[in-house]
S.K.: 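Below you'll find the structure I mean.
Below, chains carry the letters A, B, ... as their sequence lines are ordered, and counting in each starts from 1. Note that the structure is a prediction, hence the values are computed from the model and not measured.
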2 protein chains.
Amino acid sequence: MEKKAPTIKEMARTLGISISAVSKALNNHPSIGLYTKERVARLAQKLNYVPNQAAIYFKQKKTCTIGVILPHLTDHFYTSILCGAETEAMQNGYNLIMCQSYDSLAREKELVAFMQKNRVDGVLVASSKETINYNHFQALESWNIPVVHMARQPKQYDCHSVISNVRDGARQAVNYFIEQGHRRIAHLNGPETMATSRERHSGYLDAHRAHQLPIHPELVQQTDFSRERNKQIVDSWMQQDEFPTAILAFKDLIVLEIMSLLKQYYPDKKEQVAVIGFGNHQLLQYMDHPPCASIEEQPAMIGQRATSLLLELMQLPGEQRSTSTTALDCKLVTYERP
Amino acid sequence: MEKKAPTIKEMARTLGISISAVSKALNNHPSIGLYTKERVARLAQKLNYVPNQAAIYFKQKKTCTIGVILPHLTDHFYTSILCGAETEAMQNGYNLIMCQSYDSLAREKELVAFMQKNRVDGVLVASSKETINYNHFQALESWNIPVVHMARQPKQYDCHSVISNVRDGARQAVNYFIEQGHRRIAHLNGPETMATSRERHSGYLDAHRAHQLPIHPELVQQTDFSRERNKQIVDSWMQQDEFPTAILAFKDLIVLEIMSLLKQYYPDKKEQVAVIGFGNHQLLQYMDHPPCASIEEQPAMIGQRATSLLLELMQLPGEQRSTSTTALDCKLVTYERP
DNA sequence: TTGTAGGCGTTATCAC
DNA sequence: GTGATAACGCCTACAA
């Protein structure tokens, strides 16, 4: 029962031939006689020989491994990215090694070091919300390990990235609000440090400008994603005489939290406030009172495209890796009230 | 810019000392002089030397890698498992390489072969719904690669596993139904081939027996998780004169589908039917009309405990790896109707 | 057609 | 205190 994996060396000894003969026989090298090949094949079969990939990769000086750094695995958005990446990587013979930064910059730096130690062939990353400089990723690239940023794009430096066109997504949502007659539209955004927050806000502004609607600065707030902070923001808005009748939120989960806060603390006003967020979570369709719409992104496609881009980059020598940004469309999905 | 990772060998050449001296210096070996150590440390710093883990693992004949095989990454339950596993593995210096079987037995077998080729130190698996024999996993164990089964436990053979006590979970749910006065309680179960389906049903039967309620065989059906099949089952029940007033479903997503089917096709009866499923999905709390309850499992804990068990097993020689099953409690979480 | 030798990056066991 | 050497599993250019 308890066996160790057989090696070509052992097989060579058993058969009384050289190691290289066994190796060549296994690889169907033309210079090996049929008889020998058959002997080797039979023995390999019998011992259930499986070549040691680790050794092969080691010799080839590559690991056929892609490192993936994500903020969280508890967020459906990131697991969808992971899902797309896994599919694409596996199809091309690459493994994924996956880890979570927990949205901590310190941890992210550790993970980058970890990736370098492990000599992954490339890295996919959705950087943490704390990440404001990208030196650690640049270091990785300077070691000839290409990096593709997913979803969260560093504006500060020129990098390879695949993101959602959240600016347009936000624009669509606010346009929809305006079409529906809303004039006081709030934006419950994510932290300013995240490029994706700034992009969202640009879209919000775009739509206002296009319709020549004034911006009310007090209607633009940033959350740290905590329920307390969200409540504080909603309170600040709803306690105004002219409270906003529409809210663009960072993502669906926050939409739901807003709606739950409204229901609990402002039940009489709840029906007057429309809310839209990013994500279009699978379960929204099952709600009796879903948000009026949701901005659907394509996270699995982000993962897939990022992986495919990374695979291309890995073929190229460093100097030829010209940077590019792919922005995938967002789609506004509306939910009719029953 | 374009550099290659420096090696001990290069540093040795640069410093004009031997490779082994450099190696020892880096590892702070006592037999190396302070001066040499400092020279080496300075150079390593300057070149940003990072040891090649792949080479180290290769020499140590281990990969410090755990293979994880999951049916899907699109299911929150499995990503929670993955999340728990990742945390535990990383804390102990192990990497995860992760892949999806897409609930296909053929693919699962490929992945097992893949794991063997890659010489992972151990495997965590939630087997596919098609898996009815476990020879491929046994083969893995016979190659001295321990396997821990998560959530989906093969009854047929003695293995290491960490699962939910779904039998008790189902019992709790049905007991709750009975306490609420329900007498015709249906079971929309998963495929019979999955042990977890059979366990769920045992719990369903347990509760009936304990309350001496008769079982109505037509109220027990198995879904393949498709919407069509679910509709067919719900139709078959709701078109009876005495339709069930309570349904135990395989998981929350199916609960939501049932509720949506009821709403669409049996709106007058909808309020008379209570539904409970497994999962207690995070978003249920935001629904205006959530299911009356949900059976909460501990997927992250399953991942964590399975990983910790696997790490233990990997320390032991094969013969001493006595099998065990850990069953984690389920908790019935009730939702009050507003 | 087959065998020999060298190397991938590292560590460990010696001998000096 | 330092260095030479072998070894891990595999591949491959070259020699026989």
S.K.: Any non-hydrogen side-chain atom of B:T74 less than 4.5 Å from a side-chain atom of A:S80?
M.R.: no
S.K.: Apply side chain to side chain donor-acceptor pair (under 3.5 Å) to the pair A:Y134 and A:Q138, showing each step before the final yes or no.
M.R.: CA-CA 6 Å; A:Y134 294 85; A:Q138 285 175 311; over 6 Å; no
S.K.: Could you state the NZ-P distance from A:K61 to C:dT10, rounded to the nearest angstrom?
M.R.: 10 Å
S.K.: Could you state the atom-to-atom distance from CD1 of B:I8 to P of D:dG3 in whole Å?
M.R.: 14 Å
S.K.: Would you please say whether a donor-acceptor pair under 3.5 Å links the side chains of B:E108 and B:S127?
M.R.: no
S.K.: Quick one: which of B:R152, B:H136, B:H149, B:M150 gives a side-chain contact (heavy atoms from CB on, under 4.5 Å) with B:V125?
M.R.: B:H149
S.K.: Assess whether a salt bridge exists between B:K61 and B:D121, defined as any Lys/Arg side-chain N lying under 4.0 Å from an Asp/Glu carboxylate O.
M.R.: no
S.K.: Could you tell me whether the side chain of B:K37 and the main chain of B:H29 form a donor-acceptor pair under 3.5 Å?
M.R.: yes
S.K.: Is a donor from one side chain sitting under 3.5 angstrom from an acceptor on the other, for A:Q153 and A:T196?
M.R.: no
S.K.: Compare side-chain N and O positions of A:K9 against OP1 and OP2 of D:dA7 and report whether any pair is under 4.0 Å apart.
M.R.: no
S.K.: Tell me whether B:D75 contacts the main-chain N or O of B:F77 through its side chain, where contact means a donor paired with an acceptor under 3.5 Å.
M.R.: yes
S.K.: With the threshold set at 4.0 Å, does a side-chain nitrogen-carboxylate oxygen contact exist between A:R13 and A:E10?
M.R.: no
S.K.: Using 30° and 60° as the class limits, which term best fits the ring planes of B:Y102 and B:H72: parallel, tilted or perpendicular?
M.R.: perpendicular
S.K.: Which residues in residues 113-120 of chain A have at least one heavy atom lying under 4.0 Å from any atom of DNA chain C?
M.R.: none
S.K.: Identify, residue by residue, the members of residues 18-43 of chain B with a heavy atom below 4.0 Å from DNA chain D, and return them in order of residue number, or none.
M.R.: B:S18, B:S20, B:A21, B:K24, B:S31, B:I32, B:G33, B:T36
S.K.: Looking at residues 50-60 of chain B, who's got a heavy atom less than 4.0 Å off DNA chain C?
M.R.: B:P51, B:N52, B:A55, B:I56, B:K59
